[in-house]
Number of protein chains: 2
Amino acid sequence: MDEPSTTLRPTRQRRAINEALQGAADFQSAQDIHDTLRRAGEKVGLATVYRTLQAMAEAGQVDVLQGPGGESSYRQCSTEHHHHLVCRSCGRTVEVTGPAVESWADAVAREHDFAEVSHSLELFGICADCRT
Amino acid sequence: MDEPSTTLRPTRQRRAINEALQGAADFQSAQDIHDTLRRAGEKVGLATVYRTLQAMAEAGQVDVLQGPGGESSYRQCSTEHHHHLVCRSCGRTVEVTGPAVESWADAVAREHDFAEVSHSLELFGICADCRT
DNA sequence: GGTAGATTGAGACTGAGTCTCATCCTACGG
DNA sequence: CCGTAGGATGAGACTCAGTCTCAATCTACC
Ligand SMILES: [Zn+2]
Ligand SMILES: [Zn+2]
Ligand SMILES: [Zn+2]
Ligand SMILES: [Zn+2]
């Protein structure tokens, strides 16, 4: 089920992507990050940005948020399980946890006899600042 | 915020799409539905399928599920607010409700002063049948 | 029947994301 | 210190869901 521990080398590109991620507070698409890097003078291929971001997501180093257009955005988050409250207008993101939700999900899964159950849960709204 | 009540006419194409939806138990992509119709002899343009499905989704007549690849799938569901438990293997779908989740979402939104808060929540797992 | 306006569909187009493959770079052993 | 194996990179072709255009067609209604 898991790869033979491919060595994942620390390259200039990966470092750059990692830094771009650290410097951002909210979710950013691969293209956003690519642009940021280009503007910062770092030459990194778009394919590399996609590959790296995906790898980091699989490794649990970043969170992925599926935007409305199906576009994936990435963010450096806390490592513990959590969800997000995102402003539809400015993208401001707040990490939230919901123990009640977690146990509810477990119960539902058990009740319907589903295994390996995961869940996706995100909240979208308009933050106080964006309401003028 | 809403359209000037455009008349939404019942055409052959819309009827066909509606029937295809009724005949399916699980979520189907626009392309799936288009294929089904073509095979059934109904000639309906792909653009029309997309347009109709979107319109129905906006009107709350069908539910939309964002697949992993960002692909949207549609399903005829109950009209009351609910979520889905979907089998990753065969697509079997169960509608579930979680009052606890709803109130939790409200509380979180209030706590962080976000308005017009909506949420997306889906559960994915492997159903009993698919586990042999 | 006649007309305004909604609807349709073939095909061009968009844009996110993936693939290819020749080249580059890192890690590591001698 | 090299030298090499195999991971990493990137330009550009490519895929594919979904959107747009616009002339032709269909509906509702008088
Ligand atoms: Zn997060
Ligand atoms: Zn905001
Ligand atoms: Zn199943
Ligand atoms: Zn809900």
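Letters A, B, ... mirror the listed sequences (proteins, then strands); counts begin at 1. Please read these numbers as outputs of a predicted model, since none were measured by experiment.
By the 30° and 60° cut-offs, the orientation of the rings of B:His119 relative to B:His83 is tilted.
For B:Ser72, a side-chain nitrogen or oxygen approaches OP1 or OP2 of D:dG18 to under 4.0 Å. Phosphate contact (OP1/OP2 of D:dC26, side-chain N/O of B:Gln13, threshold under 4.0 Å): absent.
Listed nucleotides D:dT9, D:dG18, C:dT8 differ in distance to B:Glu71; the shortest reach to its side chain belongs to D:dG18.
DNA chain D lies under 4.0 Å from at least one heavy atom of each of the following residues of residues 19-45 of chain B: B:Gln31.
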What's the verdict on side chain to side chain contact (heavy atoms under 4.5 Å, CB included) for B:Phe114 and A:Leu123, showing C-alpha distance, side-chain angles and the deciding distance?
-> CA-CA 10 Å; B:Phe114 273 57; A:Leu123 308 182; over 6 Å; no

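Residues passing the side chain to side chain donor-acceptor pair (under 3.5 Å) test with A:His34, sequence neighbours excluded: none. Taking the salt bridge (charged side-chain N to carboxylate O under 4.0 Å, His left out) definition, one finds that B:Arg51 meets it with nothing, sequence neighbours left out. For B:Gln66, the side chain to side chain donor-acceptor pair (under 3.5 Å) criterion is met by B:Ser72, not counting sequence neighbours. For A:Arg14, there are no salt bridge (charged side-chain N to carboxylate O under 4.0 Å, His left out) partners, not counting sequence neighbours.
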Side chains of residues 106-113 of chain B: which donor-acceptor partners sit under 3.5 Å, not counting sequence neighbours?
residue  : atom : partner  : partner atom : Å
B:Asp113 : OD1  : A:Arg131 : NH2          : 3.0

Considering only distance and modelled atom types, tabulate donor-acceptor pairs under 3.5 Å from the side chains of residues 19-26 of chain A, sequence neighbours left out.
residue : atom : partner : partner atom : Å
A:Asp26 : OD1  : A:Thr93 : N            : 3.2

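Between the side chain of A:Thr52 and the backbone N or O of A:Val49 there is no donor-acceptor pair closer than 3.5 Å.
One axis for each end of the helix from C:dG1-D:dC30 to C:dG30-D:dC1, each built from five base pairs, and the angle between them comes to 30° at 10° resolution.
Atom pair A:Leu53:CG and D:dG10:P shows a separation of 14 Å (rounding to whole Å applied).
Here salt bridge (Lys or Arg N to Asp or Glu O under 4.0 Å) pairs that include residues 68-90 of chain A, with residues two or more places apart or in two chains, are A:Arg75-A:Glu95. Contacts classified as salt bridge (Lys or Arg N to Asp or Glu O under 4.0 Å) and involving residues 30-50 of chain A (residues at least two apart or in different chains) are given here: A:Arg12-A:Glu42.
The shortest non-hydrogen separation linking B:Leu37 to B:Val44 is CD1-CG2, 4.0 Å.
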For nucleotides 22-30 of chain C, read 5' to 3', which letter fits each nucleotide if B means a protein heavy atom sits under 4.0 Å from the base, S means only the sugar-phosphate is that close, and - means neither?
-> ----BS---

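Of the options A:Val94, A:Leu121, A:Asp63, a side-chain contact (heavy atoms from CB on, under 4.5 Å) to A:His82 is made by A:Asp63 and by none of the others.
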Name the pairs: protein N/O against N/O of nucleotides 19-21 of chain D, kept only if under 3.5 Å.
residue : atom : partner : partner atom : Å
D:dT19  : OP1  : B:Gln54 : OE1          : 3.2
D:dT19  : OP2  : B:Gln54 : OE1          : 2.7

